[in-house]
Amino acid sequence: QVQLVESGGGLVQPGGSLRLSCAASGRIFSIYAMGWYRQAPGKQRELVALISSAGSTNYGDSVKGRFTISRDNAKNTVYLQTNSPKPEDTAVYYCNAVVRAPPDWSPRDQWGQGTQVTVSS
C-alpha cells in the first residue's frame with residue numbers, strides 16, 4: 001500500500017553537493033517520524049538523520065554538522081542535503097518513515113528500496 005521512493009542519488013564529487021528526496025505515497029493515515037539510514041558494503045546500517053513530524057531532528061555522529069534533514073509535510077516528503085560530501089559517505093541510502101496505513105491502526109516502519117550514493121573525484 002505504502003511506498004517510499006528515493007531520488008537524487010548517484011555520483012557526486014567532494015566539494016560538490018548532495019540532495020536526496022524521499023516521497024511517501026499510497027493510502028496513508030498518518031506519517032510520524034521520517035529519516036535516512038545508510039549502509040556501506042561490509043558495514044552495518046547506521047542512522048544518518050531523523051526528523052519528527054514537528055521538525056525536531058537527530059543526526060548520526062558521522063554526519064553531524066555536515067548534513068541537514070528537512071521535510072515538507074504537505075508533500076509527504078523528506079530531504080537530506082549536504083554541501084560537504086566525503087568519500088566516507090559512499091553508501092546505499094534508505095528512506096524510512098513511521099506510518100499508519102491500512103490495514104493497521106498502529107504505527108509501523110516503512111522503508112524505501114534505497115539509492116546508491118557514491119562520493120568520488
Side-chain angles (χ1 to χ4, degrees):
Q1 292 280 354
V2 179
Q3 292 189 72
L4 301 180
V5 180
E6 300 102 335
S7 62
L11 178 64
V12 297
Q13 295 180 317
S17 64
L18 172 68
R19 183 175 174 85
L20 302 179
S21 300
C22 172
S25 63
R27 176 61 171 161
I28 301 172
F29 298 144
S30 304
I31 302 179
Y32 300 96
M34 304 185 79
W36 294 92
Y37 295 76
R38 68 186 185 187
Q39 187 167 25
K43 299 180 66 177
Q44 69 179 34
R45 187 178 65 182
E46 66 174 348
L47 169 70
V48 180
L50 293 174
I51 184 167
S52 74
S53 59
S56 298
T57 59
N58 186 29
Y59 294 93
D61 290 340
S62 62
V63 304
K64 192 173 299 182
R66 296 191 298 115
F67 281 54
T68 299
I69 188 170
S70 61
R71 65 190 289 169
D72 186 335
N73 290 333
K75 297 181 179 179
N76 289 341
T77 299
V78 63
Y79 307 93
L80 184 70
Q81 182 169 350
T82 181
N83 295 322
S84 302
K86 298 180 179 180
E88 307 92 270
D89 297 320
T90 296
V92 177
Y93 284 69
Y94 296 93
C95 178
N96 172 265
V98 179
V99 305
R100 291 200 302 116
D104 304 316
W105 285 102
S106 299
R108 61 176 177 85
D109 281 319
Q110 183 72 39
W111 292 90
Q113 294 187 10
T115 183
Q116 176 70 48
V117 173
T118 301
V119 183
S120 176
S121 298

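One-based numbering along the sequence shown. Both backbone and side-chain heavy atoms feed into the values below; hydrogens, waters and symmetry mates do not.
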Using a 4.5 Å cut-off on heavy atoms from C-beta on, say whether the side chain of [Y] contacts that of [X].
X   : Y    : value
V98 : D109 : yes
S25 : N76  : no
S7  : T115 : no
F29 : P102 : yes

Open item on the list: Does atom CD (Q3) have a neighbourhood of more than 12 heavy atoms from anything else shown, all under 6.0 Å?
Closed with: no
- [ ] Count the heavy atoms belonging to other residues, nucleotides or ligands that lie under 6.0 Å from CD of E46, then report whether that count exceeds 12.
- [x]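 Counting neighbours around CD of E46, more than 12 heavy atoms of other residues, nucleotides or ligands fall under 6.0 Å, so yes.
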TODO: Starting from the C-alpha separation in whole Å, work towards a yes-or-no answer on side chain to side chain contact (heavy atoms under 4.5 Å, CB included) for S62 and R38.
DONE: CA-CA 11 Å; S62 62; R38 68 186 185 187; 3.1 Å; yes
Task: Stepwise side chain to side chain contact (heavy atoms under 4.5 Å, CB included) check, V63 with T82 - done: CA-CA 9 Å; V63 304; T82 181; over 6 Å; no
Joint hydrophobic cluster, [X] plus [Y], side-chain heavy atoms closer than 4.5 Å:
X   : Y   : result
W36 : Y94 : no
I51 : V99 : yes
V48 : L50 : no
Y93 : L4  : no
I28 : M34 : yes

- [ ] Step by step, work out the side chain to side chain contact (heavy atoms under 4.5 Å, CB included) result for R108 and V2.
- [x] CA-CA 11 Å; R108 61 176 177 85; V2 179; 4.0 Å; yes
Open item on the list: Donor-acceptor pair, distance only, cut-off 3.5 Å: does the side chain of E6 make one with the backbone of C95?
Closed with: yes
Open item on the list: Strictly distance-based, threshold 3.5 Å: is any side-chain N or O of R71 a donor or acceptor partner for the main-chain N or O of S52?
Closed with: yes
- [ ] Would you tell me whether R66 and Y59 have side-chain atoms, one donor and one acceptor, within less than 3.5 Å of each other?
- [x] no
TODO: Before accepting this row, confirm whether a basic side-chain N of the pair K86/D89 lies closer than 4.0 Å to the acidic partner's carboxylate O.
DONE: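 The answer is no: the pair does not qualify as a salt bridge.
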Please report the closest heavy-atom contact between [X] and [Y], naming both atoms and the distance.
X   : Y    : answer
G8  : L18  : O-CD1, 3.8 Å
G9  : V117 : CA-CG2, 4.2 Å
Y79 : S21  : CD2-OG, 3.3 Å
T77 : A23  : OG1-CB, 3.6 Å
V12 : S17  : CG1-O, 3.8 Å
A24 : I31  : CB-CD1, 3.9 Å

- [ ] Evaluate the criterion side chain to side chain contact (heavy atoms under 4.5 Å, CB included) for residue pair Q116 and T90; output intermediate values, then yes/no.
- [x] CA-CA 8 Å; Q116 176 70 48; T90 296; 4.0 Å; yes
Task: Pi-cation contact, Y32 with R100 (under 6.0 Å, within 45°) - done: no
TODO: Please identify each residue that fulfils ring pair (Phe, Tyr, Trp, His ring centres under 6.0 Å) with Y37, with sequence neighbours left out.
DONE: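 Applying ring pair (Phe, Tyr, Trp, His ring centres under 6.0 Å) to Y37 gives W111.
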